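Notes to accompany the following structure.
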Amino acid sequence: MNRMLQKPRGTRDFLPEEMEARRSVEANLREVARRWGYREVCTPEFEDLELFTMRSGAGIIEEMYVFEDKGGRKLALRPEVTAAVIRMYVNEAKVAPKPIRWCYFADCFRYERPQKGRYRQFWQFGVELIGADTAPADAEAVMLAADMLDAIGVSYELKVGHLSFMKNLLSGLSPGVQRKVMAHLDKKDFEGLAVTLEELKKPDLGTALKDLVACRDLDGAFAIAGNIPDKERFDQTISLLDAAGVKYSFNFGIARGLDYYTGMVFEAFAANLGAENQILGGGTYRLAQLFGGDDAASCGFAIGFDRVIVSLGDIGRRKEPVVAIICTEEGRRRALAVARAFRDAGYRAETDLMERGIGAQVTHASKTADFAVIIGKRESESGEVTIKNLQSGEQKTVTLDAAIAGVGSHGAR
RNA sequence: GCCAGGGUGGGGUAGUUGGUUAUCCUAGGGGACUGUGGAUCCCCCGACCCGGGUUCGAAUCUCGGCCCUGGCCCCA
């Protein structure tokens, strides 16, 4: 064992079985995105450090992979994709017809302590809806999120909230104090909250905030926080979600990302994941202006792909029949043609490369394949092939076309 | 950054009052054996996470580090 060749902390290797499972989930997500009109984009794996600090502040440098290139540029491996997509929009696509519907599947990097569902390299499947500043746009993002999670079969709870309720309650406070209060709420640290509000001589606010966080219905939220500026739009969004039959509950305590989210926010959680159980997060935001573009309202979300995979547990990979082409030395050339015929028919066909005897080839095939197609001296003379079903053990000598048809009529292992 | 539990061939394991060549299963390669060898038998391959300390001698005791699993914190 060579210690120099270990993989870096928080990264993973994926064997073929895992990759097949991951790709199958990914394909489901892609298919849902496609049906809703979201087209895939791709941005660089690393960007100017500034792109991320502009959005989220210098504090996040601690949690990023930051490095300097040979030209002395400060760069960072992307910790998320939204900022890059909006940069791309500003750079390349700000005159594209609105709304813009984009999606991405990308690996991201964060320098954090690995634990269940948290890795230093992880994948996100996300969508961004740019340029539609309306209730139907907000509703579409939530509906699409629910559709995607349903499509991959993960069991989840969807929470929808709106930042204006909390902003309403906190409007009298300075931004710094707001941030402090938000931190208390985020941790559900109501004792610390009470102390902070006592210092501000606003003990009543604590009660209202606590009620709001606990509130699970829309009327109640309006009663606690008063009428928010976006009331009409949020009402409309909610009525659209209800009409579409989306299953969700309200949570007006969703506080993360107050920095850049502007209105509706939503999150989804899986029950069986332990501490890192959030599998989706999103909301409406405005970033284009920050990156030098015209103001553009956006709404988007990202799915924590690795957490979804963990939550799904053992998922079946796509089943496909595997055909082992077995031959003797005199049949080898013809075996190549037979293999080609199976491949042309769309099947996965593998030939012997170890120059083993027929028996050993059958042994090997029994572990790795569903069918063995044998081309030896007898088959070469008759012009037929012998096909053996490796599960049932039955075999027969038939024409090549019949053998191909036979594979098609049976399932895989 | 903090806490707990771990780390023996590719996978799973036995082995600690310190003492032969580190056990077994499995996987992989080869042979017996040039048409079913998917069986049987035999052979091969291959490990004590890294480094320091104690000792005549360390997988075992000790210190530090690395990594894994889970939790805390954080979560754009």
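For clarity, every value in this text was computed on a predicted model and none was experimentally measured. In what follows, chains carry the letters A, B, and so on, assigned in the order in which the sequence lines appear, proteins first and then strands, with residues in each chain numbered from 1.
- Here the separation of B:U62 from B:G7, taken at their P atoms, is 14 Å to the nearest Å.
- Between the C1' atoms of B:U16 and B:C48, the separation comes to 13 Å (whole Å).
- Comparing B:C33 with B:G6, their C1' atoms sit 47 Å apart, to the nearest whole Å.
- Nucleotide B:A4 forms a pair with B:U69, judged by Watson-Crick or G-U wobble geometry with both contacts under 3.5 Å.
- When the side-chain nitrogen and oxygen atoms of A:Arg356 are compared with OP1 and OP2 of B:G30, one or more of them lie within a distance under 4.0 Å.
- Partner of A:Tyr111 under the ring-ring contact (aromatic ring centres under 6.0 Å, His included) criterion, chosen from A:Tyr65, A:Phe67, A:Tyr119: A:Tyr65.
- Just one residue in the list A:Phe301, A:Tyr248, A:Phe266 forms a side chain to side chain contact (heavy atoms under 4.5 Å, CB included) with A:Val142, and that residue is A:Phe266.
- Only the P atoms considered, B:U34 is 48 Å distant from B:G19, to the nearest whole Å.
- Mapping A:Thr397 and A:Gly393 onto RNA chain B via the closest heavy atom, the residue that lands nearer the 5' end is A:Thr397.
- Heavy-atom distances to RNA chain B give each of A:Met354 and A:Val362 a nearest nucleotide, and the one nearer the 5′ end belongs to A:Met354.
- We find that CZ of A:Arg307 is positioned 13 Å from P of B:C75, with the value rounded to whole Å.
- Taking atom C1' on both B:G30 and B:G46, the two are 15 Å apart, rounded to the nearest angstrom.
- For B:C68, its base never sits under 3.5 Å from the side chain of A:Arg12 at any donor and acceptor pair.
- The nucleotide whose nearest atom lies closest to any side-chain atom of A:Lys377 is, among B:C68, B:G35, B:C75, B:G35.
- When heavy atoms are screened at a 4.0 angstrom cut-off, A:Gly376 is found touching base atoms of the nucleic acid.
- The nearest whole Å value for the distance from the CG atom in A:Asp306 to the P atom in B:U69 is 13 Å.
- With rounding to whole Å, A:Tyr261 atom OH is found 13 Å from B:C75 atom P.
- Interface remark: the A:Glu379 side chain does form a donor-acceptor pair with the B:G35 base, using a distance-only criterion of under 3.5 Å.
- Across every strand in view, B:C41 sits in a pair with B:G31 that passes the Watson-Crick or G-U test at under 3.5 angstrom.
- No close placement of the A:Phe305 and A:Phe122 rings is indicated, their centers lying 6.0 Å or farther apart.
- Between the side chain of A:Thr284 and the backbone N or O of A:Ser298 there is no donor-acceptor pair closer than 3.5 Å.
- Panel note: side chain A:Asp352, backbone A:Met354; a donor-acceptor pair is recorded below 3.5 Å.
- Nucleotide B:C24: paired with B:G12 (Watson-Crick or G-U wobble, both distances less than 3.5 Å).
- Look at the P atom in both B:U20 and B:C73: the space between them is 49 Å, to the nearest Å.
- In this structure, A:Glu63 reaches the bases: a heavy-atom distance under 4.0 Å links it to at least one base atom across the strands shown.
- Using atom P as the reference point in both B:G52 and B:A58, the two lie 12 Å apart (nearest Å).
- Checking B:C75, B:C72, B:G35 against every side-chain atom of A:Gln115, the shortest atom distance belongs to B:C72.
- Between the side chain of A:Glu276 and the base of B:C74, a donor-acceptor pair under 3.5 Å is found.
- Contacts of A:Glu329 with the nucleic acid, taken as non-hydrogen atoms under 4.0 Å apart, are absent.
- Atom CD in A:Gln124 sits roughly 15 Å away from atom P in B:C75 (whole-Å rounding).
- Looking at A:Arg113, its side chain comes within 3.5 Å of the base of B:G70 through a donor and an acceptor atom.
- A tilted orientation is assigned to the rings of A:Phe125 and A:Phe105, their planes being inclined by 30° to 60°.
- The interatomic distance linking A:Glu381 (CD) with B:G35 (C1') rounds to 13 Å, in whole Å.
- Atom CG in A:Asp13 sits about 13 Å away from atom C1' in B:G10, given to the nearest Å.
- At the heavy-atom level, A:Gly126 lies nowhere under 4.0 Å from the strands shown.
- The partner of B:A47 is absent, by the rule that a Watson-Crick or G-U pair needs both atom distances under 3.5 Å.
- Annotation: B:G53 and B:C45 have their P atoms spaced 33 Å apart (nearest Å).
- Residue A:Ile374 is in base contact, counting any heavy-atom pair closer than 4.0 Å across all strands shown.
- Between A:Lys367 and B:G28 there is a side-chain N or O to OP1 or OP2 distance below 4.0 Å.
- Ring geometry, A:Phe252 versus A:Phe250: the interplanar angle falls under 30°, so the pair is classed parallel (tilted spans 30 to 60°).
- Look at CD on A:Gln361: it is 19 Å from P on B:C33, rounded to the nearest Å.
- Atom NE2 in A:His364 sits about 10 Å away from atom P in B:G30, given to the nearest Å.
- Neither side chain, A:Glu267 nor A:Tyr156, offers a donor N or O lying under 3.5 Å from an acceptor on the other.
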